[in-house]
Structure formats: C-alpha cells, structure tokens
Amino acid sequence: MAAAIYSLFIINKSGGLIFYKDYGSAGRMDTNDSLRLASLWHSMHAISQQLSPVLGCQGIELLEADTFDLHCFQSLTGTKFFIVCEPGTQHMDTLLKIIYELYTDYVLKNPFYEMEMPIRCELFDINLIQGIQKDRVALLGR
C-alpha cells in the first residue's frame, strides 16, 4: 500500500499561503483553516530557527504526530513547501525537492506570474499531479 499524502502547502517568504492542494484526506480544511495553518507553520518555523541550540539551524524539517507527519523544505528565497502525510512516510524530502523543481520550472519561469502571489499556473498543476503519482508508484515498489 502506498503512503498517503494528505495535503501540500506552499508559503511565501512573508508567511502568506500561495498554494494549497488537498489530496482527499478525511478531514478536509476550509479556506480559513488552511490559511491559519500556513500562517502558524510559518511562525513556528521562524521561532524554531531562533531558539535552536544548533548553529545554522534551518527550522523544523519534520513534525511527527500520532495521525500525521508534516515534512517541510525551505528554499534559499524563504519559500516553504510542506506536505502533510501518513505517519512514517519515507522519502518526502525527495518529493519536496521535486515539487520545488516543478515550482521553479513552471511558476517562476512563467512570465505572467507575479512573485509572492497565489499560484495559478496550469502547467504546474498538471506536472505536480504527475509528480505525486510517480512518487506513489515508486513507494509501491520499495
């Protein structure tokens, strides 16, 4: 059985939610809840960088709970990508980097996209679906 990805969030460097995709999780969030979660994660991530006793800490990369795991990747520009998935799901760091590559290829290179604004790029959506499906197939083979 492939591990389930519940949802994907992309947050801009100021903490604004610029992309949210729900992958059929049982507890779907409304728009306000997804905005609150993104804002809360942005704040927790920033605080963890400042409070960490480890020099050069980049913030929380994995939050493990009883019912879900939250994996986070922060780009050099401060954009955060995080996936909420089944507990114990492996290789999400690789998937987050693939999603980041898709973001750079199909969002940042889009001449009509304005930085820090919500993502509305059809090619990004199409390739994101394919990337998630490929990852699920790869997890079946592991």
Side-chain angles (χ1 to χ4, degrees), residues 2-25 27-142:
I5 296 169
Y6 299 146
S7 52
L8 167 68
F9 294 78
I10 302 177
I11 307 171
N12 65 21
K13 63 183 173 187
S14 22
L17 181 64
I18 58 174
F19 185 84
Y20 168 69
K21 180 72 175 166
D22 185 23
Y23 291 98
S25 61
R28 289 195 170 178
M29 288 187 285
D30 65 14
T31 303
N32 288 333
D33 287 341
S34 61
L35 289 168
R36 273 192 291 274
L37 179 60
S39 177
L40 178 65
W41 181 255
H42 174 75
S43 300
M44 286 177 33
H45 196 271
I47 291 168
S48 70
Q49 287 176 315
Q50 295 174 1
L51 294 179
S52 174
V54 178
L55 291 176
C57 175
Q58 297 300 311
I60 302 169
E61 294 177 356
L62 173 61
L63 175 72
E64 295 177 312
D66 292 339
T67 57
F68 69 90
D69 285 354
L70 190 152
H71 296 260
C72 182
F73 169 75
Q74 180 173 324
S75 71
L76 292 176
T77 60
T79 303
K80 291 175 197 67
F81 300 77
F82 70 91
I83 288 179
V84 180
C85 60
E86 279 185 356
T89 305
Q90 301 293 311
H91 310 290
M92 288 293 104
D93 53 339
T94 305
L95 179 61
L96 284 167
K97 289 177 182 164
I98 290 168
I99 293 169
Y100 175 66
E101 288 176 17
L102 294 172
Y103 171 76
T104 58
D105 286 344
Y106 297 105
V107 176
L108 296 182
K109 293 178 184 177
N110 182 340
F112 301 107
Y113 176 70
E114 293 183 38
M115 291 298 292
E116 307 298 318
M117 297 304 292
I119 298 170
R120 304 275 185 260
C121 300
E122 186 178 352
L123 283 175
F124 176 70
D125 292 336
I126 291 167
N127 285 283
L128 180 62
I129 290 167
Q130 291 175 352
I132 297 290
Q133 287 174 346
K134 283 180 187 175
D135 186 69
R136 286 182 176 165
V137 169
L139 283 171
L140 280 172
R142 290 183 185 148

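FYI, side chains are in, hydrogens and waters are out, and symmetry mates aren't considered; it's all heavy atoms of this structure. Quick caveat, the model's predicted, so the values are computed rather than measured.
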I5 and L95: CA distance, side-chain angles, deciding distance, side chain to side chain contact (heavy atoms under 4.5 Å, CB included) verdict: CA-CA 11 Å; I5 296 169; L95 179 61; 3.4 Å; yes
Query - Criterion side chain to side chain contact (heavy atoms under 4.5 Å, CB included) on M92 and D69, from CA distance to verdict - result: CA-CA 10 Å; M92 288 293 104; D69 285 354; over 6 Å; no
Can I99 and I132 be said to form a side chain to side chain contact (heavy atoms under 4.5 Å, CB included), step by step? CA-CA 9 Å; I99 293 169; I132 297 290; 4.2 Å; yes
| said: Apply ring-ring contact (aromatic ring centres under 6.0 Å, His included) to residues F68 and Y6 and explain how you reach the verdict. | reply: CA-CA 9 Å; F68 69 90; Y6 299 146; 7.8 Å; no
- I would like to know whether L17 and F9 meet side chain to side chain contact (heavy atoms under 4.5 Å, CB included); could you show each step before the answer? CA-CA 7 Å; L17 181 64; F9 294 78; 3.7 Å; yes
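Annotation: F82 is in aromatic contact with W41 [ring centroid separation under 6.0 Å]. Taking the six-membered ring for Trp and the full ring otherwise, the centers of F19 and Y103 sit at least 6.0 Å from each other.
The heavy-atom pair separating P118 from Y113 by the smallest distance is O-CE1, 3.7 Å. Closest heavy-atom contact between S34 and T31: OG-O, 2.8 Å. Taking both residues in full, the closest heavy atoms of Q58 and Q74 are given as O-OE1, 4.1 Å, listed atom of the first, atom of the second, then distance. For C57 against Q49, the heavy-atom pair with the smallest separation is O-CG, 3.8 Å. Summarising the geometry of H71 relative to C85, their closest heavy-atom pair is CD2-SG, 3.5 Å, with the distance given to 0.1 Å. C72 and I60 get closest at one heavy-atom pair: CB-O, 3.6 Å.
For the atom pair CG of L128 and CD of Q133, the computed distance is 10.0 Å after rounding to the nearest 0.5 Å. E61 CD to L70 CG: the interatomic distance, rounded to the nearest 0.5 Å, is 12.0 Å. Atom-to-atom distance recorded for E116:CD and T77:OG1 is 7.5 Å, nearest 0.5 angstrom. Here F81 contributes atom CZ and S75 contributes atom OG; the two are 5.5 Å apart, rounded to the nearest 0.5 Å. Put simply, CD on E101 and CG on N127 are 12.0 Å apart, with the number rounded to the nearest 0.5 Å. Taking CZ from F73 and CD1 from I10, the interatomic distance works out to 11.5 Å, rounded to the nearest 0.5 Å.
The shortest side-chain heavy-atom distance between N12 and M117 does not fall under the 4.5 Å cut-off. Counting heavy atoms from C-beta outward, I83 and T89 have side chains that stay 4.5 Å or more apart.
Checking side-chain atoms of Q90 against main-chain N and O of G88 turns up a donor-acceptor pair under 3.5 Å. A donor-acceptor pair under 3.5 Å is absent between the side-chain atoms of S39 and the main chain of R36, judged by distance alone. No donor-acceptor distance shorter than 3.5 angstrom exists from the side chain of S14 to the backbone of G16, with no hydrogens or angles considered.
In this structure, D105 pairs ionically with K109, as a charged nitrogen and a carboxylate oxygen lie closer than 4.0 Å.
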